[in-house]
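Below you'll find the structure, written out as structure tokens, and then a few comments.
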Number of protein chains: 2
Amino acid sequence: MASDLFAARVEAHGLKPKHVGLMVVLETGRASSQLEIARVMGVAPSLVVALADHLEKLGAIQRVRDPADRRRQVLTLTERGRELLATCAELAESADAEFAADLTVTESVVLTRLLDRLAARQGLPTAPADRL
Amino acid sequence: MASDLFAARVEAHGLKPKHVGLMVVLETGRASSQLEIARVMGVAPSLVVALADHLEKLGAIQRVRDPADRRRQVLTLTERGRELLATCAELAESADAEFAADLTVTESVVLTRLLDRLAARQGLPTAPADRL
DNA sequence: GCAAATCATTCAGACTCTGAACGATTCACC
DNA sequence: GGTGAATCGTTCAGAGTCTGAATGATTTGC
């Protein structure tokens, strides 16, 4: 619904919503290896490879072999990645704001609180990562 | 979110969410020719062809050339189609109910009213056709 | 040490949807 | 009335996204 708006805008930064989702996972420290990320995001590991390839090419993340287990690739956000993520957070907020433009303040507060509770119940992150 | 649940369940009836969306459009009389349907649903006309083909094969709709303009195909719901649609409506409601299981009654009422207003503002049908 | 399991990667393919053609029909206009 | 432009449905090739099986590298269990 409003995610389409968000998707269109992050595209200007060379990103798809799933790329942002991956960065959110990294930022919140919910996973570091690619397989963990795949599980958290609910997608196939092969897709994480493609997403990480792109993010690495953009300079948003770093891929480092875990010295303790050299099968694992440890992904970390770079400074550039954090900048990008901050920009995307702003885009998400403004998209939400536009979408809920004709709600009163109290209404929108009520709405976001209800949705947060539903998201939590669903085992999802409470943050704006519901746009994968 | 909850639409995934809905999608999985209508699949048991040989339908995708878009098929249900098309039937809702017919039921609400918002369009009859295929091109109108495409515009209302926001999809390409060629997709409507495929959706209608499938629904016709299931016996849910009828395709009749408009006598007044023989370029147009007029789609109408059959009795079987109305039955299917009723079943889908139940599925949608139960999926919603499960999804909002741990909300109080007043909370869920507030939520649906807010979402309805947002949908209306967006020019969407107020009905459960937000699952396209 | 060696077999089995684990992680990342590649690749083919399924699925959904779009846009450009094309045939049939209707409309505008002279 | 007749002709060219527009409209509707349809087909088809292809883009985009995602999955699952196969492969290679590495680690773990025993």
Side-chain angles (χ1 to χ4, degrees), chain A residues 1 3-4 6-23 25-26 30-57 61-76 129 131-132, chain B residues 1 3-4 6-8 10-23 25-26 30-58 61-76 129 131-132:
Chain A
M1 311 198 173
S3 2
D4 293 348
F6 177 69
R9 297 196 180 168
V10 293
E11 202 129 4
H13 298 267
L15 297 174
K16 302 272 177 184
K18 299 235 166 181
H19 294 124
V20 182
L22 200 161
M23 289 197 288
V25 171
L26 290 182
R30 218 133 19 88
S32 59
S33 87
Q34 297 188 186
L35 199 61
E36 285 172 343
I37 294 173
R39 281 197 264 261
V40 170
M41 293 181 65
V43 300
S46 49
L47 180 57
V48 177
V49 174
L51 295 175
D53 280 351
H54 189 230
L55 287 174
E56 195 179 23
K57 216 162 286 174
I61 66 170
Q62 254 184 339
R63 245 196 191 119
V64 180
R65 287 276 168 194
D66 184 350
D69 182 347
R70 286 173 34 220
R71 289 171 302 182
R72 315 175 84 218
Q73 293 269 40
V74 174
L75 306 189
T76 53
R131 296 162 221 290
L132 296 184
Chain B
M1 310 196 178
S3 2
D4 293 349
F6 177 70
V10 293
E11 202 128 5
H13 298 265
L15 295 174
K16 302 273 176 183
K18 299 234 165 181
H19 294 126
V20 182
L22 200 162
M23 289 196 290
V25 171
L26 289 183
R30 218 128 26 83
S32 58
S33 87
Q34 297 188 184
L35 200 61
E36 284 172 344
I37 294 172
R39 281 198 263 261
V40 169
M41 293 182 65
V43 301
S46 49
L47 180 57
V48 177
V49 174
L51 295 174
D53 280 350
H54 188 232
L55 287 174
E56 194 178 24
K57 216 162 286 174
L58 287 181
I61 65 170
Q62 255 184 340
R63 248 200 190 111
V64 180
R65 286 275 169 196
D66 184 349
D69 182 346
R70 286 175 33 224
R71 290 171 302 181
R72 315 176 85 219
Q73 294 269 42
V74 175
L75 307 188
T76 52
R131 296 160 222 291
L132 296 186

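Per chain, numbering begins at 1; letters A, B, ... match sequence-line order. Not measured: the values here are computed from a predicted model.
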Next item on the list: Would you give the length of the straight line joining atom NE2 of A:His19 to atom NE2 of A:His54, rounded to the nearest 0.5 angstrom?
Entry: 5.5 Å
Checklist line | Pairwise 5' ranking along DNA chain D for A:Asp66 and A:Glu11, keeping only the more 5' one | finding: A:Glu11
Margin query: Quick check for you: to the nearest 0.5 Å, what is the distance between B:Ser32 atom OG and B:Leu75 atom CG?
Written below: 7.5 Å
Note to self: Test of understanding: with side chain to side chain donor-acceptor pair (under 3.5 Å), list the residues that count as partners of A:Glu56, not counting sequence neighbours.
What the structure shows: A:Arg63
Next item on the list: Indicate yes or no: at least one non-hydrogen side-chain atom of B:Thr76 is less than 4.5 angstrom from one of B:Val74.
Entry: yes
Notebook entry, point to check: Sequence neighbours excluded, which residues qualify as side chain to side chain donor-acceptor pair (under 3.5 Å) partners of A:Arg71?
Noted result: A:Asp69
Next item on the list: Tell me, with the steps shown, if A:Ile61 and A:Leu26 meet side-chain contact (heavy atoms from CB on, under 4.5 Å).
Entry: CA-CA 9 Å; A:Ile61 66 170; A:Leu26 290 182; 3.9 Å; yes
Next item on the list: Going 5' to 3' through nucleotides 2-7 of chain C, assign each nucleotide B (protein heavy atom under 4.0 Å from a base atom), S (under 4.0 Å only from sugar-phosphate atoms) or - (no protein heavy atom that close).
Entry: ---BBS
Strictly under 3.5 Å: I want the nitrogen or oxygen pairs between protein and nucleotides 17-20 of chain C, one per line.
unit_1, atom_1, unit_2, atom_2, d
C:dC17, OP1, B:Lys18, NZ, 3.3
C:dT18, OP2, B:Ala44, N, 3.0
C:dG19, O6, B:Ser46, OG, 2.9

Margin query: Just so I know, are the side chains of A:Leu55 and A:Leu22 near enough to count as touching, which here means a heavy-atom distance under 4.5 Å?
Written below: yes
Donor-acceptor list for residues 37-49 of chain A side chains, cut-off 3.5 Å, not counting sequence neighbours:
none

Checklist line | Residues that B:Glu36 engages under side chain to side chain donor-acceptor pair (under 3.5 Å), provided they are two or more places apart | finding: B:Arg72
Check: How long is the line joining CZ of B:Arg65 and P of C:dT25, in whole Å?
Finding: 8 Å
Check: When the distance from NZ of B:Lys16 to P of C:dA14 is rounded to whole Å, what number comes out?
Finding: 14 Å
Item checked: Test side chain to side chain contact (heavy atoms under 4.5 Å, CB included) applied to A:Val64 - qualifying residues, sequence neighbours left out -> none
Notebook entry, point to check: On DNA chain D, which is the earliest and which the latest nucleotide, 5' to 3', with an atom closer than 4.0 Å to a heavy atom of chain A?
Noted result: D:dT17 to D:dT27
Next item on the list: Please report, rounded to the nearest Å, how far the P atom of C:dT16 is from the CG atom of B:Asp4.
Entry: 14 Å
